[in-house]
K.L.:
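Here it is: the structure, laid out below.
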Amino acid sequence: MKQNPFDILAAEYEAWFIENKVLFQSELLALKRVVPIDKKGVEIGIGTGIFAEQLGIRYGIDPSEKMLLYARQRGLEVQQGVAEQLPYENQSFDFAALITSLCFVDDPEYALKEVYRILKYKGELIIAILDKETPFGKFQEGGKRNDPFYKHARFFSVPEIKDLMDNNNIKITQIVQTLVDPATSKIENPTNGFGKGTFVVIKGVKVNNVC
């Protein structure tokens, strides 16, 4: 990441989830459809740990030390670092999650190679994105220059994520979407597939065991 806006926006990041509880709860419902329970997981780009805390993910890494202060207050075991150089041993996690964080990674291809390395055989990778091919995703893409959080982001489409996972021996097993209407005042129940919901969660499994 060339510039990390979260170093100066950690408080604003936390406040966003308080102010947008409906969106946050909708995203959590989608993630809970795919995140394993009672397994050892790591969130890459854990930020303040607001998702990890709700999803039972104990470990995490993030480049922003100020964001990690919040995560530590939540009792999470976190380290400062980047996705392209994960400070974990080979085959040490049952699953890994990147929740709207891949868009901030300098080298997504290499990051997935690192994720593959730390996953156990048949370990699972969960990637959540704001789908740039949806109407709201296109709106976000067009206005990101003025957005303090996404100014430096690279948004993805679901086919792009599928290609990244395929290239790294991760077989997609499930895709879930939500926020068909990001302006809704009601919590949305997630549905399978993609193409309608702005928030999409793609889950895959490590199919080989070569590191």
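Residues: numbered from 1 along the sequence shown.
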K.L.:
Is any side-chain heavy atom of Lys21 less than 4.5 Å from a side-chain heavy atom of Phe17?
P.N.:
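Side-chain contact under 4.5 Å: no.
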K.L.:
Under a 4.0 Å threshold between the charged nitrogen and the carboxylate oxygen, would Glu65 count as salt-bridged to Arg72?
P.N.:
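Counted as a salt bridge, because a side-chain N and a carboxylate O are separated by less than 4.0 Å.
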K.L.:
I'd like to know if the side chain of Lys132 and the backbone of Ser157 have a donor-acceptor N/O pair within less than 3.5 Å.
P.N.:
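Checking the backbone N and O of Ser157 against the side chain of Lys132, no donor-acceptor pair under 3.5 Å is found.
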K.L.:
Just one of Lys113, Glu160, Arg154 clears the side chain to side chain contact (heavy atoms under 4.5 Å, CB included) bar with Pro108, so which one?
P.N.:
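Option passing the side chain to side chain contact (heavy atoms under 4.5 Å, CB included) with Pro108: Arg154.
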K.L.:
What pairs with Glu133 under side chain to side chain donor-acceptor pair (under 3.5 Å), at least two apart in sequence or on another chain?
P.N.:
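Glu133 satisfies side chain to side chain donor-acceptor pair (under 3.5 Å) with no residue once adjacent residues are dropped.
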K.L.:
Got a donor-acceptor contact below 3.5 angstrom from the Thr198 side chain to the Pro135 backbone?
P.N.:
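No, because the side chain of Thr198 does not come within donor-acceptor range (under 3.5 Å) of the backbone of Pro135.
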K.L.:
Could you name each residue pair satisfying ring-ring contact (aromatic ring centres under 6.0 Å, His included) that touches residues 60-80, not counting sequence neighbours?
P.N.:
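Non-adjacent pairs meeting ring-ring contact (aromatic ring centres under 6.0 Å, His included): zero.
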K.L.:
Nearest 0.5 angstrom please: Asp131 CG to Ile175 CD1, how far?
P.N.:
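Here the rounded value is 10.0 Å.
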K.L.:
Is any side-chain heavy atom of Glu89 closer than 4.5 Å to a side-chain heavy atom of Ile118?
P.N.:
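Side chain of Glu89 against side chain of Ile118, heavy atoms only: no contact under 4.5 Å found.
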K.L.:
Could you tell me which residues satisfy salt bridge (Lys or Arg N to Asp or Glu O under 4.0 Å) with Arg74, sequence neighbours excluded, listed by chain and number?
P.N.:
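Listed in chain order: Glu14, Glu53.
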K.L.:
Are Glu124 and Asp94 packed together at the side-chain level, in the sense that at least one heavy-atom pair is separated by less than 4.5 angstrom?
P.N.:
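Of all side-chain heavy-atom pairs linking Asp94 with Glu124, none is under 4.5 Å.
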K.L.:
Which distance, rounded to the nearest 0.5 Å, do you find between the OH of Tyr13 and the CD1 of Ile18?
P.N.:
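Separation between the atoms: 12.0 Å.
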K.L.:
To check you understand the geometry: which heavy-atom pair defines the closest contact between Val42 and Phe93, and what is its length?
P.N.:
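So the minimum-distance heavy-atom pair works out to CB-CE2, 3.6 Å.
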K.L.:
Test side-chain contact (heavy atoms from CB on, under 4.5 Å) on Ile202 and Met165; report intermediate values, then the result.
P.N.:
CA-CA 10 Å; Ile202 304 109; Met165 295 174 82; 3.7 Å; yes
K.L.:
Using every non-hydrogen atom in the two residues, find where Val105 and Ala111 come nearest and quote the distance to one decimal.
P.N.:
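Val105 and Ala111 have their closest heavy atoms at CG1-CB, 3.9 Å.
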K.L.:
Check Lys40 against Tyr59 and note the closest heavy-atom contact, atom names and distance.
P.N.:
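Of all heavy-atom pairs spanning Lys40 and Tyr59, the closest is CE-CE1, 3.9 Å.
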K.L.:
Evaluate Ile172 against Lys162 for side-chain contact (heavy atoms from CB on, under 4.5 Å), listing each step before the verdict.
P.N.:
CA-CA 7 Å; Ile172 291 176; Lys162 292 172 76 173; 3.1 Å; yes
K.L.:
What's the separation between atom CD1 in Ile127 and atom CG in Leu112, rounded to the nearest 0.5 Å?
P.N.:
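Interatomic distance, Ile127 CD1 to Leu112 CG, rounded to 0.5 Å: 5.0 Å.
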K.L.:
Indicate yes or no for a side-chain donor-acceptor contact from Gln91 to the backbone of Lys120 under 3.5 Å, with no hydrogens or angles considered.
P.N.:
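It does not hold such a pair.
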K.L.:
Is a side-chain donor or acceptor of Glu84 paired with a backbone partner of Asp106 at a separation under 3.5 angstrom?
P.N.:
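Between the backbone of Asp106 and the side chain of Glu84 there is a qualifying donor-acceptor contact (under 3.5 Å).
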K.L.:
Check Ala128 against Leu31 and note the closest heavy-atom contact, atom names and distance.
P.N.:
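In this case the closest contact between Ala128 and Leu31 is CB-CD2, 4.2 Å.
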K.L.:
Measuring centre to centre across the rings, with the benzene-like ring taken for any Trp, is Phe24 within less than 6.0 Å of Phe199?
P.N.:
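Centroid distance Phe24-Phe199: not below 6.0 Å, so no.
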K.L.:
Quick one: do the Asn168 and Glu109 side chains pair a donor with an acceptor below 3.5 Å?
P.N.:
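There is such a pair between these side chains.
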K.L.:
How far does CD1 of Ile61 sit from CD of Gln85, to the nearest 0.5 angstrom?
P.N.:
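Atom-to-atom, Ile61:CD1 and Gln85:CD are 8.5 Å apart.
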K.L.:
Minimum heavy-atom separation for Ile126 to Pro36, with atom names?
P.N.:
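The answer is CD1-CD, 3.8 Å.
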K.L.:
Counting distance only, does the side-chain N/O of Gln80 pair as donor-acceptor with the main-chain N or O of Pro63 below 3.5 Å?
P.N.:
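Indeed, once roles are kept as given, a pair shorter than 3.5 Å links the two residues.
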K.L.:
To the nearest 0.5 Å, tell me how far Lys171 NZ sits from Leu125 CG.
P.N.:
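Between Lys171 NZ and Leu125 CG, I get 15.5 Å after rounding to 0.5 Å.
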K.L.:
Check for a donor-acceptor pair, side chain of Ser101 on one end and backbone N or O of Leu98 on the other, with a separation under 3.5 Å.
P.N.:
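Between the backbone of Leu98 and the side chain of Ser101 there is no qualifying donor-acceptor contact (under 3.5 Å).
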K.L.:
Under 3.5 Å, side-chain donor or acceptor atoms of residues 181-195 against the rest of the protein: list the pairs with distances, not counting sequence neighbours.
P.N.:
{"from": "Asp181", "atom 1": "OD1", "to": "Ala183", "atom 2": "N", "distance (Å)": "3.1"}
{"from": "Thr184", "atom 1": "OG1", "to": "Lys186", "atom 2": "N", "distance (Å)": "3.1"}
{"from": "Thr184", "atom 1": "OG1", "to": "Lys186", "atom 2": "O", "distance (Å)": "3.4"}
{"from": "Glu188", "atom 1": "OE1", "to": "Leu179", "atom 2": "N", "distance (Å)": "3.0"}
{"from": "Glu188", "atom 1": "OE1", "to": "Val180", "atom 2": "N", "distance (Å)": "3.0"}
{"from": "Glu188", "atom 1": "OE2", "to": "Val180", "atom 2": "N", "distance (Å)": "3.2"}
{"from": "Glu188", "atom 1": "OE2", "to": "Asp181", "atom 2": "N", "distance (Å)": "3.1"}

K.L.:
Under the 4.5 Å side-chain heavy-atom rule for ILVMFWY, direct or indirect, which residues accompany Leu76?
P.N.:
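Noted: Leu76 shares its cluster with Ile46, Leu68, Val78.
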K.L.:
Counting heavy atoms not belonging to Lys32, are there more than 12 under 6.0 Å from its NZ?
P.N.:
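Atom NZ in Lys32 is packed in, count exceeds 12.
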K.L.:
I want to check something: taking the side chain as every heavy atom from C-beta on, are Leu23 and Trp16 in contact at a cut-off of under 4.5 Å?
P.N.:
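In short, these two side chains touch, coming nearer than 4.5 Å.
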K.L.:
Does the structure place the NZ or CZ of Lys206 under 6.0 Å from the centre of the six-membered ring of Tyr116, at an angle of no more than 45° from the ring's axis?
P.N.:
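So Lys206 does make the cation-pi contact.
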K.L.:
Check the pair Val205, Ile170 against side-chain contact (heavy atoms from CB on, under 4.5 Å), reporting the backbone distance first and the verdict last.
P.N.:
CA-CA 5 Å; Val205 61; Ile170 297 169; 5.8 Å; no
K.L.:
Atom CD in Gln54, atom CD in Glu27: separation rounded to 0.5 Å?
P.N.:
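If I round to the nearest 0.5 Å, the distance is 12.5 Å.
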K.L.:
Name all residues meeting the salt bridge (Lys or Arg N to Asp or Glu O under 4.0 Å) criterion together with Asp107; count only those two or more places apart in sequence or in a different chain, and write none if there are none.
P.N.:
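Salt bridge (Lys or Arg N to Asp or Glu O under 4.0 Å) list for Asp107, sorted by chain: empty.
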K.L.:
If hydrophobic clusters are built by linking Ile, Leu, Val, Met, Phe, Trp and Tyr wherever their side-chain heavy atoms come under 4.5 Å apart, do Leu28 and Val35 end up in the same one?
P.N.:
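Yes, Leu28 connects to Val35 through the hydrophobic network.
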K.L.:
How far apart are the closest heavy atoms of Tyr88 and Gly60, and which atoms are they?
P.N.:
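Between these two residues, the closest heavy atoms are OH-O, 3.3 Å.
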K.L.:
For residues Leu9 and Leu130: do they belong to one hydrophobic cluster (side chain heavy atoms under 4.5 Å, members Ile, Leu, Val, Met, Phe, Trp, Tyr)?
P.N.:
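Linked within one cluster.
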K.L.:
Just do the side-chain contact (heavy atoms from CB on, under 4.5 Å) check on Val115 and Ile44 with the steps written out, would you?
P.N.:
CA-CA 9 Å; Val115 171; Ile44 300 163; 3.4 Å; yes
K.L.:
Flag the pair Ile129 / Thr100 as yes when at least one side-chain heavy-atom distance between them is below 4.5 Å, and no otherwise.
P.N.:
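They are not in contact (no side-chain heavy atoms under 4.5 Å apart), so the answer is no.
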K.L.:
Report yes or no: does Glu114 contribute a side-chain atom to a donor-acceptor pair with the main-chain N or O of Leu86 at less than 3.5 Å?
P.N.:
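Yes; at least one donor-acceptor contact below 3.5 Å.
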